[in-house]
Amino acid sequence: MVKKIFLSIKAILKGHFAVLKHLFRQPVTMEYPEVHPFLSPYFRGRHVLEGCRGCGLCKRVCPSDAIIIEKNDNHYVNKYVIDYSKCIFCGNCMFYCPTHSMKMSGNYELAKTRKSDLLTDIYFKGV
Amino acid sequence: MNYLLCTLFEIKWLPDIWAVILVSVIGFGVVISLLILTVLFLVLAERKLLGFFTQRKGPNRVGLWGVLQTTADAIKLLCKENIELLSSDKFIFTIAPIMAFASVILLWCLIPYNSEFHLINSSVGVLLYFAIASLPMIFHFLAGYSSNNKYSLIGSYRSLGLTCSYSIVLMLSVMSVILVSGTMDLDKIVLFQSKTWMIFSNVLGFLIFFIATLAKLNRCPFDLSEAESEIVCGYHTEYSGMRFAMFFLGEYAELFVMSMLVVILFFGGYLPPFGMYLANAFMGNCEFCSYLIYFEQTIWLFIKTLIIVFVIIWIRATLPRLTQVSTLNMFWKYIIPISIFNLIMIIMMRALW
Amino acid sequence: MDKMVLNLGPQHPSTHGVLRLLLELDGEIITSVEPEVGYLHRSLEKMAESKSYIQYLPMVDRVDYLSGFFYSYAFCNAYETLNHIQVPEYANYIRVMFMELNRLASHLLWLGTYLLDLGAISPMFYTFREREDIVTYFEKVTGQRLMYNYFVFGGVRHCDIYLDEALRIVDNIYNKIDEYEDIITENPVFLSRTKDVGIISKQKALDWGLTGPNLRASGILQDYRSIMPIYDDLEFDIILSSEGDCYSRYIVRIYEMRESVYIIKQCIEYLQNINLSNVPLNNFYHKQKQHEGEIYSFVEAPRGLTMCYLKSVGEDTPYRVKWRTGSYYSTQILKDILKGVYLSDVMSIYGSLDVVLPEVDR
């Protein structure tokens with residue numbers, strides 16, 4: 001009985017000092033708006049499209065139908081819109097692009113105040 | 001206090017009765033402002049410390065190092081709407097947080113901050129303190145009962161059950177202090193410890209009192225009446241806005257005042273730890289020093305109290321929560337027998353000496 | 001005496017999601033329990049029938065956001081077995097390594113939130129600190145923190161994995177587990193909350209279909225890793241505890257984390273010895289006709305046995321996908337074991353079962 005009480009007091013003190021140790025360690029907090037996290041080249045953020053031929057494979061592999069491609073009369077890509085309200089950033093459009101023209105950048109700050117602003121035209125230049 | 005009163009009596013600037021009232025109001029104002037400042041500091045200190053204990057930075061956005069965080073929170077709570085259910089008992093629901101906070105303020109008036117400033121100086125100070133200290137619990141119960149919420153109801157009867165477990169222990173351990181010092185006057189208990197602190201003659205009593213204090217304050221590991229992971233928020237689940245802030249700030253004010261009582265009963269209150277005042281040590285026995293000593297005494301009291309508060313926060317950072325059943329078991333089966341044993345030992349010591 | 005019906009959830013701080021427990025209380029003692037699920041139903045099974053295999057693959061991670069790799073693996077494995085796709089050995093090792101890291105992350109999160117349910121604050125932040133390391137590593141390799149989309153049919157996306165960093169992380173975690181044990185394991189308050197609370201006997205565990213650590217804590221030697229072919233070359237122990245109470249479930253998970261570290265180290269050792277730099281990328285799009293047939297693949301996930309039933313009739317989309325997840329069964333057993341316990345023990349029992357609601361509802 002006495003031994004049990006003694007052991008439990010010892011365990012409580014051990015726990016307390018294990019917690020106290022952390023008081024003298026450096027905080028691991030990352031102050032986000034001032035400090036930005038390191039992002040690897042594989043990070044899947046906002047899409048960047050360069051040299052698209054408009055084959056439409058990305059549209060086929062997209063799980064959430066977030067891609068809208070508009071073509072002109074000569075079958076060139078006129079408009080390449082990604083609906084960020086639907087996009088789940090799975091990266092399928094990037095992985096299965098036959099010409100490797102779809103890339104995903106490290107830009108993850110995509111918040112907008114209106115839903116219509118999330119329909120983003122990301123098409124820069126065709127071939 | 002008495003000094004101010006005597007001066008007012010002497011200069012005959014006011015009728016005597018008005019002088020007494022004026023002095024009381026001034027004293028009360030000092031206590032209230034102390035309370036508000038301390039609580040604002042304490043909430044921040046707890047959040048900061050819990051942050052440091054878990055390798056975070058704590059609040060650091062509002063003001064320099066986040067010093068204005070609690071002020072901002074208080075302003076936010078003041079601006080919020082007071083929501084009440086249609087089915088709640090409006091009168092009790094409204095009055096319970098006010099009364100709970102008021103009774104905590106009353107506790108602050110009982111504390112001797114230094115050898116001169118003692119707002120309510122009673123010869124049965126300890127008894128008066130505990131009589132008032134049991135009031136918040138009743139209003140916590142009423143708050144939970146009147147808000148007509150099942151979680152609040154569970155929280156309120158849990159807090160009543162907790163009262164059953166700790167109050168006897170609290171009084172038994174205080175009785176041992178009274179027996180050692182031979183007085184119930186808080187001022188005299190402090191002066192009794194001018195040679196040695198009470199904790200050296202009554203270690204077991206201190207440990208029991210400290211555990212019972214944790215239970216009284218609803219602090220971890222006895223925070224089962226507001227266990228947020230079980231019964232959402234306990235008795236103040238339905239409260240919002242300033243009514244919630246009353247409970248919240250009252251809790252912290254009570255935390256500080258109970259820690260002050262621990263210091264007064266066991267750690268020599270406002271007396272300096274080295275048996276000598278720093279003001280005297282550095283400046284000799286001048287007249288200015290005798291005024292400075294009053295401030296020093298208050299500072300010593302607060303420093304000791306903050307150490308106790310630190311330990312309480314440290315315990316909160318480490319321990320999980322006990323259940324209702326195990327709390328009752330612990331108090332009734334282990335701590336009450338131990339405290340009775342302690343009391344008998346103290347009586348025997350008193351009889352032998 | 002009248003009984004009080006307490007509606008615990010769907011929005012409650014410690015139901016870890018949207019579980020609704022209809023408790024009938026007599027004072028603080030529970031007389032009957034009715035767990036209600038379905039508040040987080042996303043129809044992931046039905047969705048599969050309208051999406052191609054490639055389209056469905058990123059969805060699979062969302063069955064359980066805390067251990068996405070296991071579900072990816074189960075689905076990929078089902079597809080590969082059905083279509084006779086050979087997975088290279090290095091890819092199997094990478095898969096095991098990532099799954100075990102994910103198991104570590106999942107158990108760490110469980111440990112933190114369980115102790116938060118019991119009222120301890122600090123362990124949650126400590127475990128999240130270590131989990132953050134793992135999740136950041138996943139982000140570095142796969143591109144996202146929780147929804148990886150990294151396992152593909154026939155292997156993994158790419159082999160640019162930072163092995164040194166993985167080694168550093170698991171070494172760090174191995175030391176930190178001791179630190180958690182210092183705070184928790186012998187703590188009398190913790191013991192009073194968990195010892196002899198929520199006992200699940202062997203028979204009861206089998207009757208209700210428990211799997212994974214919950215079953216092993218009841219003393220039944222059943223770990224599907226031991227019969228999974230990808231674990232064949234790896235050495236590890238199966239952790240067993242006989243009590244069946246909350247404490248033994250805690251102990252089983254703590255020791256399982258150590259075993260996971262051990263497995264990961266073996267994988268890293270293997271992967272360091274082979275040249276991963278000239279391995280081709282695995283982003284092919286399957287144009288060929290899908291094989292017909294049905295398959296039931298399995299994997300030992302952190303929350304118990306996870307099975308994926310896949311039926312194909314030769315079309316581009318699956319004909320039927322069915323998930324069997326561990327949490328669903330852990331939720332149902334609450335009906336039995338919560339009877340007659342105190343309200344404050346509900347959280348310690350429910351938390352110890354490690355239920356994650358998206359996995360229950362799918």
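Letters go in sequence order (proteins before strands), and every chain restarts at 1.
- The closest side-chain heavy-atom distance from C:F125 to B:R56 is below 4.5 Å.
- In this structure, C:Y39 places its OH atom where more than 12 heavy-atom neighbours from other residues, nucleotides or ligands lie under 6.0 Å away.
- Counting heavy-atom neighbours within 6.0 Å of B:K90 NZ, excluding the residue itself, gives a total above 12.
- Top candidate by heavy-atom pairs under 4.5 Å with chain B, chosen from C:V346, C:I184, C:N187, is C:N187.
- Panel note: side chain C:R193, backbone B:T323; no donor-acceptor pair is recorded below 3.5 Å.
- Listed options C:L116, C:I183, C:L343 were ranked by heavy-atom pairs under 4.5 angstrom with chain B; first place goes to C:L343.
- With hydrogens and angles ignored, the 3.5 Å screen pairs no side-chain donor or acceptor of C:S122 with any backbone N or O of B:T318.
- For OH of B:Y334, the number of neighbouring non-hydrogen atoms (other residues, nucleotides, ligands) closer than 6.0 Å is 12 at most.
- In this structure, B:R321 CZ and C:D117 CG are separated by 9.0 Å, a value rounded to the nearest 0.5 Å.
- For a residue to count as touching a neighbouring chain, one of its non-hydrogen atoms must lie under 4.5 Å from one of that chain's; by this rule C:D345 touches chain B with the side chain only.
- A distance of 4.0 Å separates CE of C:M4 from CD1 of B:I154, quoted to the nearest 0.5 Å.
- Closest approach of C:Y126 to B:F53, counting heavy atoms only: OH-O, 2.6 Å.
- Other residues, nucleotides and ligands place no more than 12 heavy atoms under 6.0 Å from the OH atom of C:Y328.
- For the atom pair B:S326 OG and C:L191 CG, the distance stands at 11.5 Å (nearest 0.5 Å).
- Shown here is B:F341, whose CZ atom has no more than 12 heavy atoms of other residues, nucleotides or ligands within 6.0 Å.
- Within 6.0 Å of CZ on B:F210 lie more than 12 heavy atoms contributed by other residues, nucleotides or ligands.
- Taking CZ of C:R129 as the start and CD of B:Q55 as the end, the distance is 4.5 Å to the nearest 0.5 Å.
- Pairing each heavy atom of B:Y151 with each of C:L8, the nearest pair is OH-CA, 3.3 Å.
- Between B:R158 and C:S344, some side-chain heavy-atom pair lies under the 4.5 Å cut-off.
- The 12-atom threshold is exceeded at OH of B:Y157, counting heavy atoms of other residues, nucleotides or ligands nearer than 6.0 Å.
- Here the straight-line distance linking atom CG of C:L118 with atom CG of B:L319 works out to 12.0 Å at 0.5 Å rounding.
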